[in-house]
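Just so it is clear, the model here is predicted, and its values are computed rather than measured. Order of the sequence lines fixes the chain letters, A, B, ..., with proteins taken first and strands second; residue numbering starts at 1 for each chain.
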Number of protein chains: 2
Amino acid sequence: MTDAHVPARGKRRDAVRNQQQLLDAAAAVFVESGVNAPVRQVAQRAGVGMGTLYRHFPTRADLVVAVYRHQVDAAAEAGPVLLRESPTPAEALQSWIAIFVEFLVTKHGLADALNGDAEDSAALHRYFVDRLVPVCSDLLEAAVPSGASISAYTLLRGVGNLCIGGAAPDYEPARLARVLVDGVLVGSGSTSHARGR
Amino acid sequence: MTDAHVPARGKRRDAVRNQQQLLDAAAAVFVESGVNAPVRQVAQRAGVGMGTLYRHFPTRADLVVAVYRHQVDAAAEAGPVLLRESPTPAEALQSWIAIFVEFLVTKHGLADALNGDAEDSAALHRYFVDRLVPVCSDLLEAAVPSGASISAYTLLRGVGNLCIGGAAPDYEPARLARVLVDGVLVGSGSTSHARGR
DNA sequence: TTGATATCCGGAGCATTGCTCCGTATAGTT
DNA sequence: AACTATACGGAGCAATGCTCCGGATATCAA
């Protein structure tokens, strides 16, 4: 499912064209109406039927993944760079988390979609996890060599959750994320009964 | 809307009975199928029509609030007690947050419903905020007299968000919340540009 | 150029969900 | 027993994710 956006060999030209139009339309709609905009809206904007949309992106989540794949990859690649160029690993971790938060908060509704109680967003969740957890793990180990009190997965997912509803006026996800990482870095007394998996 | 659950004077007896049956049914359904279970399911279990359900609880959120009101109140009342009986305010804060997390994680889907991108859950959100933010604020001020880097509202909402998807096997909301509060308590260098409203 | 056909398209339609509407039943009163 | 304010029930509406399939069309061989 996940490579629905590759150029594709031997595809009919109209198929390729429609796929691109869908991608463009989705990107535009997501910006205007948030990531949770109705699929119909995307199809309409692309000038394409529902069938066409679902043939190229079997699931809503697949469409979302396709639209944001580049940016997720960029975030993943930023990890090693930060680790190499930051004064300290701790700062590298903070910076990387900040980038991640910025990304999620910018795309309205992405954080929401990333979880959304049910398994309807499993594909989205999986892609983010597969791509980013290893990077986060490296940063975490570098920043807290003695072993952090939480796993990279838990941290990443936690930060993702913090970004939900980032549009609200009095809610400050970026600050929360920073404070959370502060807590990870101090590895205070509460670590006594911790040492995550 | 919010006092739909009071005994009610001058109501017909069948109305009172149905309201109670709805409350009981909702509690049971929420335990079995999560807080996001379809409303129809609650009505059916209560042996009552949709019209009856919506007359007593004009919105899905109202029903949820009614079911959990007692427990939210209990959490709110636990704040001052903890502050009085804990060795330090910092521990009081940690304990209180732990209680809140426990509550949210236990009720499957409650944390999800508490936010849920849209405004469909505004009533739920409001009730929790009105009832708990003041308590959290007192604890926060006691624990960090010099002023925390985040507001009580942001902290509370952040913790709520951390609890989303608490059912997942490798995700540890309780640990995250503890670490987050650790971060608040150390009030490290990142506070330099902070001092939230 | 002209079929033949594998491939793709479009949008009506299904199932689910929150919520509304309104004709009917009934509790409480006289 | 009759009467009326009150409450009941469930069909129905709108939105949404996703499926289905008859019809169009790009591509290629002759």
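In this structure, A:M50 atom CE and C:dC14 atom P are separated by 15 Å, rounded to whole Å. Across the protein-nucleic acid pair, A:L53 atom CG and C:dG11 atom P stand 13 Å apart, rounded to whole Å. For the pair A:R40 CZ and D:dA14 C1', the computed distance is 11 Å after rounding to whole Å. A:R13 places its CZ atom 22 Å from the P atom of D:dA24, with the value rounded to the nearest Å. Going from atom CZ of A:F57 over to atom P of D:dG17 covers 16 Å, rounded to whole Å. Across the protein-nucleic acid pair, B:H56 atom NE2 and D:dT6 atom P stand 14 Å apart, rounded to whole Å. When rounded to the nearest whole Å, the span between CD of B:Q41 and P of D:dG10 equals 17 Å. Distance A:L63 CG to D:dC18 C1': 13 Å, rounded to the nearest Å.
Applying the 4.0 Å criterion to OP1 and OP2 of D:dA7, one finds that B:T52 has every side-chain N and O outside that range. Between A:R55 and the phosphate of C:dC9, there is a side-chain N or O to OP1/OP2 separation shorter than 4.0 Å. Residue A:Y54 places none of its side-chain N or O atoms closer than 4.0 Å to OP1 or OP2 of D:dT19. The side chain of B:R12 contributes no N or O atom lying less than 4.0 Å from OP1 or OP2 of D:dT6. A sub-4.0 Å separation between OP1 or OP2 of C:dC8 and a side-chain N or O of A:N18 is absent.
Counting all heavy atoms, side chain and backbone alike, A:A37 lies closest to A:V29 at CB-CG1, 3.5 Å. Minimum interatomic distance between A:A61 and A:A123 (heavy atoms only, all atoms of both residues): CB-CB, 3.9 Å. The heavy-atom pair separating B:T154 from A:E172 by the smallest distance is OG1-N, 3.6 Å.
Picking from C:dC19, D:dC18, D:dC8 the nucleotide with the shortest atom distance to the side chain of B:A15 gives D:dC8. Checking D:dG17, C:dC9, D:dA7 against every side-chain atom of B:K11, the shortest atom distance belongs to D:dA7.
Residue B:V39 is the one, among B:V39 and B:R17, whose nearest nucleotide of DNA chain C lies closer to the 5' end (criterion: closest heavy atom). Mapped onto DNA chain C by nearest heavy atom, B:A37 and A:D14 fall at different nucleotides, with A:D14 at the one closer to the 5' end.
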Handout entry: Verdict with supporting geometry, A:T59 and A:Y54, side chain to side chain contact (heavy atoms under 4.5 Å, CB included)
Key = CA-CA 7 Å; A:T59 273; A:Y54 274 98; 5.8 Å; no

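Between the side chains of A:Y171 and B:N161, at least one donor-acceptor pair of N or O atoms lies under 3.5 Å.
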